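Heads up: the structure comes next, in structure tokens.
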Amino acid sequence: VEFVAKLGVVVEEIDESFYWLDVLARARLLPASEADAVRAEASELRAIFAKSLGTARLNLKMTKSK
């Protein structure tokens, strides 16, 4: 249960990072090319952790139903 909660926090934090990257890019505090590169990396990480979260939730659900 705790692991699932922590993965949920990771996904939320990545989403918030996207927001702040957009703020930095719009304010021109970060070059657009740099922001795009970091957003691409964040997108890949979000996909990995979101999939892990889904798998962990499924495993937890299956464990509880036994």
Side-chain angles (χ1 to χ4, degrees):
V1 175
E2 189 174 326
F3 180 70
V4 171
K6 288 183 187 280
L7 281 176
V9 170
V10 169
V11 172
E12 289 174 13
E13 292 295 330
I14 293 172
D15 287 340
E16 186 172 344
S17 295
F18 273 112
Y19 168 78
W20 287 110
L21 284 168
D22 287 340
V23 169
L24 290 171
R26 282 190 219 138
R28 299 180 192 260
L29 296 172
L30 184 67
S33 61
E34 236 178 280
D36 290 343
V38 175
R39 270 193 287 251
E41 183 75 20
S43 181
E44 291 173 15
L45 289 170
R46 189 190 190 290
I48 292 166
F49 285 110
K51 182 68 174 177
S52 296
L53 176 59
T55 301
R57 283 180 175 157
L58 182 62
N59 288 340
L60 182 62
K61 185 177 179 180
M62 292 179 77
T63 302
K64 285 184 176 182
S65 68
K66 287 184 179 180

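Being a predicted model, the structure only gives us computed values, none of them experimental. The analysis underlying the following values was restricted to heavy atoms, covering all of them including side chains, and did not include hydrogens, waters or symmetry mates.
Taking hydrophobic clusters as Ile, Leu, Val, Met, Phe, Trp and Tyr residues chained together by side-chain heavy-atom distances below 4.5 Å, Leu45 shares a cluster with Leu7.
Within the structure, salt bridge (charged side-chain N to carboxylate O under 4.0 Å, His left out) contacts touching residues 1-13 (residues at least two apart or in different chains) are Glu2-Lys6.
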Got a list of side-chain donor-acceptor pairs under 3.5 Å for residues 48-59, not counting sequence neighbours?
{"residue": "Ser52", "atom": "OG", "partner": "Ile48", "partner atom": "O", "Å": "3.0"}
{"residue": "Thr55", "atom": "OG1", "partner": "Lys51", "partner atom": "O", "Å": "3.1"}
{"residue": "Asn59", "atom": "ND2", "partner": "Thr55", "partner atom": "O", "Å": "3.4"}

Using a 3.5 Å cut-off and no angle test, enumerate the donor-acceptor pairs between side-chain atoms of residues 19-28 and protein atoms at least two apart in sequence or in another chain.
{"residue": "Trp20", "atom": "NE1", "partner": "Glu16", "partner atom": "OE2", "Å": "3.3"}
{"residue": "Asp22", "atom": "OD1", "partner": "Arg39", "partner atom": "NH1", "Å": "2.4"}

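Listed here is the closest heavy atom pair of Ile14 and Ala42: CG2-O, 3.6 Å. The heavy-atom pair separating Val4 from Leu60 by the smallest distance is CG2-CD2, 4.1 Å.
Residues meeting the salt bridge (Lys or Arg N to Asp or Glu O under 4.0 Å) test with Glu44, sequence neighbours left out: none. With sequence neighbours left out, Ala5 forms a side chain to side chain contact (heavy atoms under 4.5 Å, CB included) with no residue at all.
Other residues, nucleotides and ligands contribute more than 12 heavy atoms inside 6.0 Å of the CZ atom of Phe18.
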